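These numbers come from a predicted model, not from an experiment.
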Amino acid sequence: MKNKIAVLPCLLIAVILGTGCSNKFQGVTWNLLDKNKLDVREIDFEYFSGKAKINYKDEDLDIKARANVRIKKDSAIWIAFSAVGIQGARCMISQDSITILNLVKKEYYVFNYDSLSKQFNFDVNYDAIQSVALGNLIKPYEKGDHSERIDDFYQLRQKSGKVEMTNFVSAETMKIERVEMLEPSSKNTAVIRYYDFQLVEEHAFPYSAIISLFYKANTGTLNTVIEFEYNKAEIEQKPLKFPFSIPKKYERK
């Protein structure tokens with residue numbers, strides 16, 4: 001279980017995006033297009049770039065790092081991590097796999113979506129990762145999904161594999177502000193909170209996010225917390241480059 005959780009923060013770090021734009025998103029009210037389907041406000045772009053501060057903390061580690069993020073819609077997510085000015089890792093998420101380079105230890109990891117889906121009992125794929133990055137629904141709305149309004153939120157309940165998901169959609173802005181995931185058999189949970197929404201062009205992005213993981217291990221229930229704070233984000237008008245190659249001397253783990 002510890003190995004699985006070690007992979008999950010890498011994926012989550014790669015997929016949570018925000019914005020450092022100074023235009024505060026105040027929110028407007030939208031109605032549901034269909035009483036049986038939530039009109040979650042989604043964003044559209046061709047290329048995205050951003051810079052963020054990331055704090056990662058669990059029972060063993062307390063890491064502060066910076067990340068440069070680039071995305072080509074429906075194609076690739078590229079991340080370069082650094083700490084104290086030293087390049088530590090690079091990650092490339094494509095339609096068929098996730099590759100992580102450890103530049104310090106000169107080794108690399110390759111994960112395919114089928115194996116990750118089996119490990120997490122959750123349908124892991126590029127589209128799901130990109131949707132989280134944009135603040136869209138992780139899993140597309142399907143007939144049979146249950147939604148209801150409770151106070152200031154619409155709660156949309158879905159299931160992916162063995163994982164139950166509840167999306168909390170603001171009734172004012174129709175943006176997702178929180179996602180709760182539960183694996184009933186193990187009681188493992190993950191909660192993603194988006195907040196401090198700001199505008200990038202006409203689109204609302206979460207400036208900050210917190211991910212909390214609670215999972216069982218031999219030593220008891222463990223907790224991992226990942227915090228993000230973006231200081232720059234742009235929807236690019238020109239194509240971006242995605243430099244990524246595996247040196248021959250690197251060892252595959």
Side-chain angles (χ1 to χ4, degrees), residues 1-17 30 32-43 73-74 77 93-98 111-171 173-195 206 209-217 221-226 228:
M1 189 62 187
K2 185 66 175 179
N3 291 335
K4 298 177 185 178
I5 295 299
V7 177
L8 184 56
C10 295
L11 303 183
L12 295 174
I13 286 173
V15 302
I16 302 298
L17 301 181
W30 286 283
L32 297 180
L33 294 179
D34 184 327
K35 66 178 181 180
N36 296 316
K37 182 177 180 180
L38 285 177
D39 179 27
V40 178
R41 305 304 294 184
E42 299 190 345
I43 64 171
K73 185 181 177 182
D74 298 334
I77 301 173
I93 303 174
S94 66
Q95 281 285 351
D96 57 13
S97 64
I98 299 171
F111 305 97
N112 65 69
Y113 295 123
D114 287 341
S115 63
L116 289 173
S117 297
K118 292 178 181 178
Q119 285 182 337
F120 295 113
N121 293 321
F122 183 85
D123 187 14
V124 180
N125 56 63
Y126 179 90
D127 292 338
I129 293 175
Q130 181 174 265
S131 292
V132 175
L134 301 175
N136 297 338
L137 288 173
I138 300 174
K139 184 175 183 288
Y141 195 104
E142 294 181 352
K143 185 177 180 180
D145 290 345
H146 176 72
S147 63
E148 62 178 325
R149 177 160 179 174
I150 301 177
D151 297 327
D152 296 331
F153 291 91
Y154 290 100
Q155 292 187 18
L156 172 62
R157 295 181 176 86
Q158 300 175 295
K159 191 171 183 179
S160 179
K162 297 181 180 180
V163 175
E164 297 175 356
M165 295 189 298
T166 302
N167 303 275
F168 292 80
V169 183
S170 168
T173 65
M174 297 308 294
K175 295 291 295 185
I176 296 173
E177 294 192 7
R178 187 165 84 252
V179 181
E180 296 180 355
M181 302 181 188
L182 168 66
E183 184 184 49
S185 60
S186 66
K187 304 300 183 183
N188 292 339
T189 64
V191 179
I192 305 172
R193 292 181 175 87
Y194 302 101
Y195 58 100
I210 296 178
I211 300 169
S212 299
L213 309 172
F214 295 91
Y215 51 95
K216 291 184 178 179
T221 300
L222 304 180
N223 178 215
T224 295
V225 177
I226 308 168
F228 305 83

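Nearest heavy atom pair, residue Asp96 against residue Ser94, reads OD1-OG, 2.8 Å. Here the shortest heavy-atom pairing between Tyr194 and Val179 reads CE1-CG2, 4.5 Å.
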Next on the checklist: Show, in sequence, the C-alpha distance, side-chain angles and deciding distance for Asn167 and Gln158, and conclude whether the side chain to side chain donor-acceptor pair (under 3.5 Å) test is met.
Outcome noted: CA-CA 8 Å; Asn167 303 275; Gln158 300 175 295; 3.0 Å; yes
Checklist entry - Could you walk me through whether Ser117 and Asp114 pass the side chain to side chain donor-acceptor pair (under 3.5 Å) check? => result CA-CA 5 Å; Ser117 297; Asp114 287 341; 5.5 Å; no
Next on the checklist: Show, in sequence, the C-alpha distance, side-chain angles and deciding distance for Gln130 and Asp74, and conclude whether the side chain to side chain contact (heavy atoms under 4.5 Å, CB included) test is met.
Outcome noted: CA-CA 7 Å; Gln130 181 174 265; Asp74 298 334; 2.7 Å; yes
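No side-chain heavy atom of Lys187 sits under 4.5 Å from any side-chain heavy atom of Phe214. A heavy-atom distance below 4.5 Å is not found between the side chains of Glu183 and Thr189. Under the 4.5 Å side-chain criterion, counting only non-hydrogen atoms from C-beta, Tyr113 is in contact with Ile129. By the 4.5 Å heavy-atom criterion applied to side chains, Ile150 and Phe168 are not counted as neighbours. Taking the side chain as every heavy atom from C-beta outward, Ile210 and Ile192 never approach each other to under 4.5 Å. Here the side chains of Leu222 and Thr224 are not in contact, with every heavy-atom distance at 4.5 Å or above. A heavy-atom distance below 4.5 Å is not found between the side chains of Val40 and Asn136. A heavy-atom distance below 4.5 Å is not found between the side chains of Pro184 and Lys162.
Summarising the geometry, atom CZ belonging to Arg157 is positioned 11.5 Å from atom CG belonging to Asp145; distances are rounded to the nearest 0.5 Å. Between atom OG of residue Ser147 and atom OH of residue Tyr141 there is a gap of 4.0 Å, rounded to the nearest 0.5 Å. Atom CG of residue Asn112 and atom NZ of residue Lys118 lie 8.5 Å apart, to the nearest 0.5 angstrom. We find the CG-CG distance between Asn188 and Leu213 to be 9.5 Å, quoted to the nearest 0.5 Å. Put simply, OG on Ser160 and CE on Met181 are 8.5 Å apart, with the number rounded to the nearest 0.5 Å. Between the CG atom in Leu182 and the NZ atom in Lys159 there is a gap of 10.0 Å [rounded to 0.5 Å].
Proximity of a side-chain donor or acceptor of Arg193 to a complementary backbone N or O of Tyr195 within less than 3.5 Å is not detected.
The pair Lys175-Glu177 does not meet the salt-bridge criterion, since no charged nitrogen lies less than 4.0 angstrom from a carboxylate oxygen.
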